[in-house]
Amino acid sequence: MARYFDVHPDNPQPRSIGQVVGIVRDGGLIAYPTDSCFALGCQLGNKAGIDRIRQIRHLDDDHHFTLVCRDFAQLGQFVQISNALFRSIKAATPGSYTFILPATREVPRRLLHPKRKTVGVRIPRHTVAQALLTELGEPLVSSTLLLPGETEPMTQGWSIKEALDHVVDAVVDSGECGTEPTTVIDFSQGTAEIVRRGAGDPTRFE
């Protein structure tokens, strides 16, 4: 059964955050809130956790996983950003955007798009997500908590606990969070291609 953590949305309890991060470091898979809806997340080198995300969401090999990062400095360790793109991406972070970019060697091969060697990255504007990332000290490998056959992501912590009790290790609930997935911008070819319109305003990249 998944552990359930009721976390304050503005002042996350350090003990609870530490316990959740301990679960992640022990190879666990968590459901956690972001500014664009709930996500599934595990540690960067956790192959079993990544496989579990694939199984829960029925993802194929072409799915772009997202590295959810604490800040821009951390994001820059995992993707290649040209000088031309730096300003526009930095201006949109933190926020409800996912950017697809060429990966650096810091990214495990299993996370890369098999043909393009790209990965998704984002920096959330959400207090609890930021607390988890700060305590962990590295990105969370993540995917939107959108179950097979559903058109909208799950947004209620208690219903996530009920639905995924035996397939995740922890559910972090801080009340209301975003209800739309991120807007996805593919910069892998050097110019902006809007792959998905979501919570982030896409017009700045059009």
Side-chain angles (χ1 to χ4, degrees), residues 1-60 63-70 94-96 98 111 120 122-182 184 196 198-200:
M1 290 179 61
R3 292 189 63 186
Y4 183 82
F5 293 88
D6 188 3
V7 178
H8 193 281
D10 301 316
N11 298 290
Q13 303 91 318
R15 185 170 181 271
S16 295
I17 294 298
Q19 289 175 328
V20 174
V21 169
I23 289 170
V24 172
R25 288 181 175 142
D26 286 341
L29 176 63
I30 65 170
Y32 70 100
T34 78
D35 50 340
S36 65
C37 59
F38 271 85
L40 295 167
C42 68
Q43 200 167 18
L44 194 58
N46 185 351
K47 182 180 183 301
I50 294 164
D51 288 343
R52 288 165 69 189
I53 294 175
R54 287 191 188 278
Q55 290 165 5
I56 291 168
R57 290 207 51 206
H58 295 183
L59 301 174
D60 60 27
H63 177 74
H64 268 108
F65 280 95
T66 298
L67 299 181
V68 178
C69 301
R70 180 183 68 246
S96 299
T98 298
L111 291 179
R122 69 167 300 221
I123 302 169
R125 190 191 300 276
H126 190 279
T127 302
V128 174
Q130 280 288 340
L132 291 169
L133 293 165
T134 298
E135 179 71 16
L136 183 60
E138 62 181 89
L140 275 165
V141 177
S142 297
S143 184
T144 302
L145 213 176
L146 180 63
L147 296 181
E150 298 294 328
T151 57
E152 295 184 356
M154 301 187 76
T155 58
Q156 300 291 332
W158 62 268
S159 63
I160 292 169
K161 170 80 162 77
E162 199 171 75
L164 302 179
D165 206 20
H166 297 290
V167 292
V168 301
D169 300 294
V171 175
V172 183
D173 190 357
S174 61
E176 295 297 319
C177 71
T179 57
E180 278 189 281
T182 55
V184 179
R196 180 178 72 196

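What you see is a predicted model, and the numbers here were worked out from it, not measured in a lab.
There is a side-chain donor-acceptor pair under 3.5 Å between Arg196 and Thr182.
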Atom pairs and distances, donor-acceptor, side-chain atoms in residues 145-154, under 3.5 Å, two or more places apart:
none

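Between Gly137 and Arg70 the shortest heavy-atom distance is CA-NH1, 4.1 Å. Contact between Phe38 and Ala31 at its shortest, heavy atoms only, is CD2-C, 4.2 Å. Leu133 and Cys69 make their closest contact through CD1-O, 3.5 Å (heavy atoms, listed as atom of the first residue, atom of the second, distance). Taking both residues in full, the closest heavy atoms of Pro12 and Val128 are given as CG-CG2, 4.0 Å, listed atom of the first, atom of the second, then distance. Nearest approach of Cys42 to Val24, heavy atoms of both residues: C-CG1, 4.3 Å. Gly41 approaches Ser142 most closely through the heavy-atom pair CA-OG, 4.0 Å.
Not a single donor-acceptor pair under 3.5 Å links the side chain of Arg3 to the backbone N or O of Val20.
Pairs of residues two or more places apart, or lying in two chains, that qualify as salt bridge (Lys or Arg N to Asp or Glu O under 4.0 Å) and include a residue from residues 164-175 are Arg52-Asp169, Lys161-Asp165. Pairs passing the salt bridge (Lys or Arg N to Asp or Glu O under 4.0 Å) check and including a residue from residues 20-47, sequence neighbours excluded, read Asp35-Arg122, Lys47-Asp51. Contacts classified as side chain to side chain donor-acceptor pair (under 3.5 Å) and involving residues 129-139 (residues at least two apart or in different chains) are given here: Gln43-Glu138.
The distance from atom CG of Leu59 to atom CD1 of Ile50, rounded to the nearest 0.5 Å, is 11.5 Å. To the nearest 0.5 Å, atoms CG (Leu132) and OG (Ser174) are separated by 9.0 Å. Atoms NE2 and OG1, on His8 and Thr127 in that order, are 10.0 Å from each other to the nearest 0.5 Å. The line from CD of Glu162 to OH of Tyr4 is 11.0 Å long, rounded to the nearest 0.5 Å. To the nearest 0.5 Å, atom OH of residue Tyr32 and atom CG of residue Leu40 are 9.0 Å apart. Rounding to the nearest 0.5 Å gives a distance of 9.0 Å between CG of Leu29 and CG of Leu164.
Residues Val7 and Pro33 are not in side-chain contact: their nearest non-hydrogen atoms beyond the backbone lie 4.5 Å or more apart. Side-chain contact check for Asn46 versus Val141: every heavy-atom pair is 4.5 Å or farther apart. A 4.5 Å side-chain heavy-atom check between Ile23 and Phe5 finds at least one atom pair inside the cut-off. Side chains of Pro94 and Pro124 form no contact here, defined as non-hydrogen atoms less than 4.5 Å apart.
With sequence neighbours excluded, no residue forms a ring-ring contact (aromatic ring centres under 6.0 Å, His included) with His126. Listed by chain and residue number, His63 satisfy the ring-ring contact (aromatic ring centres under 6.0 Å, His included) test with Phe65 (two or more places apart in sequence, or in another chain).
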TODO: Run the numbers on Val68 and Thr34 for side chain to side chain contact (heavy atoms under 4.5 Å, CB included), then give the verdict.
DONE: CA-CA 10 Å; Val68 178; Thr34 78; 5.7 Å; no

